Structure formats: C-alpha cells, structure tokens
2 protein chains.
Amino acid sequence: MNDLSETRSPSSSVGDYLKAVWELAVDSGGTASTKGVAARLSVSPASVSNMFARLQEMGLVRYERYRGATLTERGREEALRLVRRHRLIETFLLEHLGYDWQEVHDEAERLEHAVSDGFTERLAELLGHPDHDPHGDPIPSAEGSLEVDDSMALSQVVAGRRVRISKVRDEDAAMLDYLGDRNLVPGRWLRVREVRELDGVVVVEDEEAEVYALGDPLARSIFVRND
Amino acid sequence: MNDLSETRSPSSSVGDYLKAVWELAVDSGGTASTKGVAARLSVSPASVSNMFARLQEMGLVRYERYRGATLTERGREEALRLVRRHRLIETFLLEHLGYDWQEVHDEAERLEHAVSDGFTERLAELLGHPDHDPHGDPIPSAEGSLEVDDSMALSQVVAGRRVRISKVRDEDAAMLDYLGDRNLVPGRWLRVREVRELDGVVVVEDEEAEVYALGDPLARSIFVRND
DNA sequence: ATATAAGATTAGGCAGGGCTAAACTCAATA
DNA sequence: TATTGAGTTTAGCCCTGCCTAATCTTATAT
Ligand SMILES: [Mn+2]
Ligand SMILES: [Mn+2]
Ligand SMILES: [Mn+2]
Ligand SMILES: [Mn+2]
C-alpha cells in the first residue's frame with residue numbers, strides 16, 4: 001500500500017506532529033504554523049522548526065522557512081491512519097471499558113501509536129465498523145477517506161431552524177459531560193428558538209420540549225446539520 | 001537523582017530490560033548476565049552494560065561490573081506490573097479480538113508500555129479478573145504478588161503418573177498451535193505412559209484415551225502438576 | 001601457576017527529540 | 001519608507017538508546 005507501511009513506521013512524535021499539522025491546517029488554508037503546532041503539542045517553537053525540516057526530509061510535509069508546513073499526500077495518509085486509530089480506540093474505551101470523557105483522550109493519544117493495523121481492523125470489527133466516534137467525529141476509513149464535514153456550529157444557525165446534532169467538540173471534557181448529562185448528543189434533534197446577538201446565547205428546544213439556554217462557549221461546542 | 005525521576009514512568013526500553021532481567025534471573029540464582037539480556041532483547045552486549053548502569057542509577061537494579069544485575073524491590077515491582085499488563089492484553093487479544101498465537105505476543109509487547117494502570121484494571125474487569133493467561137502463565141495481581149510456580153516439565157515426570165497441564169511454553173508459536181489443535185492445553189488431564197530416556201519421547205494419554213508420543217522439545221513445552 | 005577465550009566493559013559515534021538563548025524575517029505600522 | 005515586534009530559525013547543548021571496535025576480567029584448562 002503506502003510507502004510508510006513498507007518501511008519503518010514513524011515514531012509517535014512524528015505521528016503527533018502530522019496530526020497537529022492536519023488539525024491546524026483545516027482552518028488555515030492547508031498550512032500549519034510553527035507557533036500553532038508548538039502550542040498544540042506543548043513543545044518549543046525551536047523543536048517544531050527542527051521537526052518540520054525532518055518531516056520534509058521524510059517526504060511527509062512541504063515546508064518553507066518562515067511559511068509553515070503543509071502535509072504531502074503521504075503525510076495526510078499517515079495522519080488519517082492515526083486519526084482512525086484514535087477514534088476507534090476512544091469508541092472502544094467508552095463503550096467497552098466504561099471510561100468517561102475525562103479519561104478517554106489521553107489514553108487514546110498513547111495507544112494510537114502502539115497498535116498495529118491488524119489490531120485496528122479487528123477492533124473496528126468488534127465495534128461494528130462505526131463511522132463516527134461517540135461524540136460525532138467521523139472515523140476515517142481504512143483506505144484513508146474521510147467524510148466531508150458540512151456541519152456548522154450551533155452559534156451560527158438562524159433562529160427557527162430544526163437541526164440535528166452531528167457532533168460535539170471533544171476539547172473540553174467538562175462541557176462534554178454537561179452536554180452528555182442533558183442528552184445533547186449526536187443524533188438528537190433541536191429546534192432553535194433564539195440566537196441572541198448580544199451575548200451569544202442560543203436557546204434551543206429538544207425532542208422532549210425541554211428548553212436550554214446555551215452560552216456562547218457551549219453553543220460553539222455543538223455542531224449541527226440542517227434538515 | 002531528583003524526585004521527578006521517581007514519578008515519571010520508565011520508558012519502554014527500561015521496562016523491557018527489567019522484564020528480561022526478571023525472566024532470566026528465575027533460573028540463574030536471581031542474577032541476569034549481560035549476554036543473556038543482550039540475546040533476549042536482540043541488542044549488543046555493550047548496550048546492556050550501559051543500561052545496567054543506568055538502571056542501577058535509577059534504583060531498579062543492583063549491578064556489579066562483570067557480575068550481572070539483580071532486580072531491586074522497585075525493579076521487581078515494575079517488571080511484574082508489565083508482566084501483568086502483558087498477560088492481560090494477550091488474554092484480551094485471544095478471547096475478544098480473535099487473534100491467534102502467532103500474532104499475540106508482539107502486539108502485547110508494544111501495548112504493555114502504552115496502557116495506563118486504569119486501562120489495565122478495567123481490562124481485567126472486562127476479562128473477569130483471570131489469574132492465568134490462556135496458555136497457563138500466572139497473571140501477577142494488581143498488588144504485585146505472583147503465584148509460586150510448582151509445576152514441572154512433562155519431560156521430568158515419572159511414568160505412570162496422572163498429571164494436569166498447568167501451562168504451555170509460549171515461546172514457539174508453531175508448537176502452541178500444534179498443542180492447541182490437539183487440545184493439549186492448561187486444565188487437561190494426562191496419564192503419562194512412558195518417559196523414554198533414549199530419545200526423550202514422552203507418551204501420554206488424554207482424557208479421551210487418545211495417545212500422543214511427544215518429542216523432547218514438545219515434552220519440554222508442556223508443564224504439569226501432580227495431584 | 002599461567003595462558004586463553006568467553007564474556008564484559010570502555011571509548012567513541014550516531015540519530016531522534018527535546019531545550020534555551022541569540023539572531024533573523026517579514027508584515028504591519030508610523 | 002523606516003521601524004519594530006511577533007514569529008521563526010539557528011546555534012549549541014542535553015539525554016536516551018543503540019552501534020562497533022578495542023580493551024579489559026575472570027573462569028577454566030592446562
Ligand atoms: Mn474524539
Ligand atoms: Mn498521540
Ligand atoms: Mn503469555
Ligand atoms: Mn515490551
């Protein structure tokens with residue numbers, strides 16, 4: 001298949017850098033900055049400059065001094081391979097091992113580098129080949145394709161719409177728990193009653209006619225699709 | 001040296017060295033040789049000398065130049081922690097992910113370093129707190145105690161005895177598969193018909209009166225208990 | 001008691017990944 | 001257009017782990 005699986009698999013550091021570039025490049029025109037990656041991985045900017053050069057050397061990234069790094073096709077494949085593992089592992093931890101949201105991410109962050117392709121696919125089998133993880137992030141296919149994301153933040157919906165929760169941000173575990181407790185999870189339908197410019201509060205009504213006033217941070221943690 | 005090194009968990013290399021010392025020290029009066037560890041881990045003797053010094057520095061091993069290394073209490077604890085993880089993971093791979101013996105060990109060898117204590121205990125829970133892995137090796141308790149092994153190789157049993165298989169060596173996957181196919185697995189009873197000095201062949205009869213003539217390598221891969 | 005070889009250690013390297021401090025770029029201002 | 005500071009890179013260093021070659025030690029056999 002790809003050249004990486006035939007050669008030696010990249011270290012966990014390399015993988016985490018690739019994922020960071022992938023995640024940051026989404027909303028930055030394909031390019032990730034030194035500073036952004038440094039912040040994301042809690043390393044110094046100097047370390048990132050160094051790694052960018054090495055990643056380019058390995059053919060995983062295109063890199064121009066002072067201009068940031070862009071994933072090559074091979075780099076993207078490797079990043080998505082890790083994202084697939086990460087999300088499948090998170091699903092397993094939540095559904096089979098009784099983890100809660102606080103704990104899931106760190107564990108997956110380490111395990112994603114230790115499991116083999118064989119493990120990953122058997123795990124997918126065990127889980128019934130899910131295409132989304134429990135909070136709604138799409139799971140890349142084994143072949144490396146990823147669903148295009150056409151959802152929008154709840155804070156950007158026009159009032160009156162009926163929408164369906166497609167995912168919730170997994171960055172803040174406390175918010176995840178809050179939303180989980182209220183069953184504001186992927187798959188649920190909401191009626192948007194009000195989107196208040198003034199303070200960013202979004203008022204929604206759920207399937208049981210329960211009404212919630214969600215502050216801006218929460219409203220931006222919930223992603224929905226029209227229709 | 002500082003208190004941080006006390007807290008930070010050992011790298012996977014350190015852990016594998018500790019396990020190697022533990023495994024080799026069993027039948028060497030508590031001490032593992034440079035050469036033995038080097039062979040076991042497929043590294044050069046020079047690397048082992050170097051690591052022995054570092055392990056002593058970390059308080060995990062007692063080391064005398066030219067004399068080999070012995071685990072300290074802390075070293076033993078760490079080794080057993082890894083052995084526990086390793087055996088629980090192997091059990092999971094075999095019973096829940098449909099692995100066969102060929103593949104199990106390598107995967108566990110990597111995963112044992114990536115999982116947390118929390119993961120390990122939840123996995124134990126999922127598996128029903130097994131005290132032996134599928135081929136009969138005892139699983140150390142979470143507190144670090146390990147069953148004393150009073151079993152003997154089938155090749156050392158006196159003819160006529162009725163014995164019970166307690167474990168099978170997991171070093172050679174082909175033998176494991178051979179024994180598994182014939183249901184010569186932990187828990188089974190055998191009647192020892194003959195132990196032939198000449199060629200080391202051991203003839204046994206199983207519960208279904210099936211008779212097997214096992215060559216020396218196989219006979220030494222099967223461990224049994226009297227009673 | 002001594003020679004010898006197996007085993008072990010030292011010496012000297014190298015690559016991967018980190019760090020801090022100092023120097024440099026470049027884009028946005030004044 | 002000149003200045004300036006945020007962002008980046010470079011320089012120089014550190015630690016982990018691994019290697020080969022050269023040099024011991026030690027146990028054993030003479
Ligand atoms: Mn996730
Ligand atoms: Mn990771
Ligand atoms: Mn085992
Ligand atoms: Mn290991």
Side-chain angles (χ1 to χ4, degrees), chain A residues 4 7-21 24-25 28-29 31-70 75 78 82 109-110 112-114, chain B residues 1-21 24-25 28-29 31-70 75 78 82 109-110 113-114:
Chain A
L4 287 176
T7 338
R8 189 176 58 267
S9 76
S11 72
S12 60
S13 279
V14 166
D16 283 338
Y17 275 91
L18 293 176
K19 277 202 314 171
V21 171
L24 294 171
S28 314
T31 287
S33 68
T34 300
K35 196 196 180 200
V37 172
R40 179 127 247 204
L41 298 181
S42 302
V43 295
S44 71
S47 298
V48 178
S49 284
N50 185 260
M51 183 61 94
F52 276 180
R54 288 176 50 215
L55 293 176
Q56 175 155 62
E57 182 69 24
M58 296 183 242
L60 298 169
V61 121
R62 238 160 289 113
Y63 168 49
E64 252 179 296
R65 291 194 310 313
Y66 294 99
R67 294 261 115 107
T70 314
E78 180 58 21
L82 282 172
E109 199 58 55
R110 274 176 287 110
E112 63 188 359
H113 309 288
Chain B
M1 210 175 194
N2 55 50
D3 291 79
L4 282 176
S5 60
E6 234 90 62
T7 1
R8 192 174 58 259
S9 76
S11 72
S12 60
S13 278
V14 165
D16 283 338
Y17 276 90
L18 292 176
K19 277 203 311 172
V21 171
L24 294 171
S28 314
T31 288
S33 68
T34 301
K35 197 198 180 198
V37 172
R40 177 125 230 172
L41 299 181
S42 302
V43 296
S44 71
S47 298
V48 177
S49 286
N50 186 261
M51 184 60 95
F52 276 0
R54 287 177 49 214
L55 292 177
Q56 174 155 63
E57 182 70 23
M58 296 183 241
L60 297 169
V61 123
R62 239 161 288 113
Y63 168 48
E64 251 179 297
R65 291 195 313 314
Y66 294 100
R67 294 262 114 110
T70 314
E78 180 58 21
L82 283 173
E109 200 57 54
R110 274 176 287 109
H113 308 288

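None of these values were measured; they are calculated from a predicted model. Heavy-atom basis, side chains included; hydrogens, waters and symmetry copies ignored. Per chain, numbering begins at 1; letters A, B, ... match sequence-line order.
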Worksheet entry | The single option from A:Asp16, A:Val14, A:Val21 passing side chain to side chain contact (heavy atoms under 4.5 Å, CB included) against A:Leu18 | A:Val14

Worksheet item: Can you name the side-chain hydrogen bond (donor to acceptor under 3.5 Å, both in side chains) partners of A:Ser13, sequence neighbours left out?
Response: none

Worksheet item: Whole Å only: how far is the CZ atom of B:Phe52 from the C1' atom of C:dG7?
Response: 12 Å

Item to complete: Could I get the full list of salt bridge (charged side-chain N to carboxylate O under 4.0 Å, His left out) partners for A:Arg110, not counting sequence neighbours?
Response: A:Glu107

Discussion item. What is the distance, to the nearest angstrom, from the OH atom on B:Tyr63 to the P atom on D:dT25?
Written reply: 13 Å

Practice prompt. Sugar-phosphate atoms are those with a prime plus P, OP1 and OP2; base atoms are the rest. Using that split, label each nucleotide of nucleotides 18-26 of chain C B, S or - for protein heavy atoms under 4.0 Å, 5' to 3'.
Written response: SBBB--BS-

For residues 31-50 of chain A, which side-chain donor-acceptor pairs fall under 3.5 Å, sequence neighbours excluded?
unit_1: A:Thr31; atom_1: OG1; unit_2: A:Thr70; atom_2: OG1; d: 3.2
unit_1: A:Ser33; atom_1: OG; unit_2: A:Gly36; atom_2: N; d: 2.9
unit_1: A:Arg40; atom_1: NH1; unit_2: A:Glu23; atom_2: OE1; d: 2.7
unit_1: A:Ser44; atom_1: OG; unit_2: A:Ser47; atom_2: N; d: 3.2
unit_1: A:Ser44; atom_1: OG; unit_2: A:Ser47; atom_2: OG; d: 3.1

Practice prompt. Enumerate the residue pairs fulfilling ring pair (Phe, Tyr, Trp, His ring centres under 6.0 Å) with a member in residues 42-64 of chain A, sequence neighbours excluded, ordered by first and then second residue.
Written response: A:Phe52-A:Tyr63

Worksheet item: Quick one: B:Asp16 CG to D:dT16 P, roughly how many Å, whole number?
Response: 17 Å

Worksheet, complete the sentence: Whole-Å distance, A:Glu57 CD to C:dG16 C1', equals 14 Å

Fill in: Length of the CG-P vector between B:Leu55 and C:dT9, whole Å
13 Å

Practice prompt. Mind checking B:Val14 for me? I need base, sugar-phosphate or nothing, with any heavy atom below 4.0 Å counting as a touch.
Written response: sugar-phosphate

Discussion item. Run the side-chain hydrogen bond (donor to acceptor under 3.5 Å, both in side chains) test against A:Gln56 and tell me which residues pass, sequence neighbours left out.
Written reply: none

Discussion item. Heavy atoms only, 4.0 Å cut-off, all strands: where does B:Thr34 land among base, sugar-phosphate and nothing?
Written reply: sugar-phosphate

